[in-house]
Amino acid sequence: QVQLVESGGGLVQPGGSLRLSCAASGFSLSIYTIHWYRQAPGKERELVARISTSGVSVYYASSVKGRFTISRDNARNTVYLQMNSLKPEDTAVYLCAARRSITPGAPIDYWGQGTQVTVSS
């Protein structure tokens with residue numbers, strides 16, 4: 001089956017780090033733009049980071065810029081989100097999403113089910 005599976009979430013203290021992984025099965029990520037979103041209770045889903053198929057073009061939300069790094073390893077069919085200097089407001093379910101189309105506003109093709117990140121002392 002076609003799947004995106006996130007891993008690497010957990011409980012971390014403020015200032016700590018986590019690395020999230022998004023692994024694809026049933027299809028190749030190499031032709032997909034990959035997004036990391038996060039969803040916290042009572043808040044709108046937020047686009048955290050995005051990476052182009054080649055990895056040349058990246059985007060970060062202002063709230064995470066300088067702290068998070070998105071990368072991809074197409075040979076491993078995996079995308080990563082390195083999260084440093086974590087803050088309590090980073091607490092959320094983090095989801096990866098793959099989109100083949102580069103047309104603005106095009107729908108996501110595949111969603112992962114999410115991994116919980118909790119930043120708390």
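- Just one residue in the list Leu20, Leu11, Leu81 forms a side-chain contact (heavy atoms from CB on, under 4.5 Å) with Val117, and that residue is Leu20.
- Looking only at distances, no side-chain donor or acceptor of Ser30 sits under 3.5 Å from a matching main-chain atom of Asn74.
- One N or O on the side chain of Glu6 and one on the backbone of Gln113 form a donor-acceptor pair closer than 3.5 Å.
- Clustering ILVMFWY residues whenever any of their side-chain heavy atoms sit less than 4.5 angstrom apart, transitively, puts Tyr59 in a cluster other than the one holding Ile70.
- Smallest separation of non-hydrogen atoms from Ala98 and Ile34: CB-CD1, 3.6 Å.
- In terms of the salt bridge (charged side-chain N to carboxylate O under 4.0 Å, His left out) criterion, residue partners of Arg76 (sequence neighbours excluded) are, by chain and number, Asp73.
- A 4.5 Å side-chain heavy-atom check between Arg50 and Thr33 finds at least one atom pair inside the cut-off.
- Ala24 approaches Leu4 most closely through the heavy-atom pair CB-CD2, 3.7 Å.
- For the ring-ring contact (aromatic ring centres under 6.0 Å, His included) test, no residue two or more places apart in sequence or in another chain qualifies with Tyr94.
- The side-chain heavy atoms of Pro14 and Lys87, taken from C-beta on, include no pair separated by under 4.5 Å.
- For the 3.5 Å distance criterion, the side chains of Ser120 and Thr118 fail to qualify, holding no donor opposite an acceptor.
- In terms of modelled atom types and a separation under 3.5 Å, the side chain of Arg67 and the main chain of Ser85 share a donor-acceptor contact.
- If you take CE on Met83 and OG1 on Thr69, they are separated by 11.0 Å, rounding to the nearest 0.5 Å.
- Each side-chain hydrogen bond (donor to acceptor under 3.5 Å, both in side chains) pair with one or both residues in residues 10-21, not counting sequence neighbours, appears once here: Ser17-Asn84.
- No close placement of the Tyr60 and Phe68 rings is indicated, their centers lying 6.0 Å or farther apart.
- Hydrophobic clustering, with ILVMFWY side chains joined whenever heavy atoms are under 4.5 angstrom apart, keeps Val56 apart from Leu29.
- Residues Val2 and Tyr110 form a side-chain contact, since some pair of their non-hydrogen atoms from C-beta on lies under 4.5 Å apart.
- A 4.5 Å side-chain heavy-atom check between Val93 and Thr115 finds every atom pair outside the cut-off.
- Residues passing the salt bridge (charged side-chain N to carboxylate O under 4.0 Å, His left out) test with Arg38 are Glu46, Asp90, sequence neighbours excluded.
- Remark: Asp109 pairs with no residue by the salt bridge (charged side-chain N to carboxylate O under 4.0 Å, His left out) rule, at least two apart or across chains.
- For Ile102, the CD1 atom is loosely surrounded, since the number of other residues' heavy atoms within 6.0 Å does not exceed 12.
- The 12-atom threshold is exceeded at CD of Gln116, counting heavy atoms of other residues, nucleotides or ligands nearer than 6.0 Å.
- In terms of hydrophobic clustering, with Ile, Leu, Val, Met, Phe, Trp and Tyr side chains grouped at heavy-atom distances under 4.5 Å, Ile51 and Leu95 are assigned to different clusters.
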Practice item. Apply side chain to side chain contact (heavy atoms under 4.5 Å, CB included) to the pair His35 and Leu47, showing each step before the final yes or no. Key: CA-CA 7 Å; His35 307 68; Leu47 176 63; 3.7 Å; yes
Practice item. Begin with the C-alpha distance, continue with both residues' side-chain angles, and end with the deciding distance and a verdict on side chain to side chain contact (heavy atoms under 4.5 Å, CB included) for Asn77 and Ser28. Key: CA-CA 6 Å; Asn77 223 23; Ser28 175; 4.0 Å; yes
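- Nearest heavy atoms, Ala97 versus Ile108: CB-CG2, 3.5 Å.
- Two different hydrophobic clusters hold Val48 and Tyr80 under the rule that ILVMFWY side chains link at heavy-atom gaps under 4.5 Å.
- Residue pairs satisfying the side-chain hydrogen bond (donor to acceptor under 3.5 Å, both in side chains) criterion with at least one member in residues 95-107, sequence neighbours excluded, are listed as follows: Ser101-Thr103.
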**Study point:** Stepwise ring-ring contact (aromatic ring centres under 6.0 Å, His included) check, Tyr37 with Trp111
**Key:** CA-CA 10 Å; Tyr37 288 89; Trp111 285 93; 5.1 Å; yes
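- Within the 4.5 Å cutoff, side-chain heavy atoms of Cys22 are placed close to those of Trp36.
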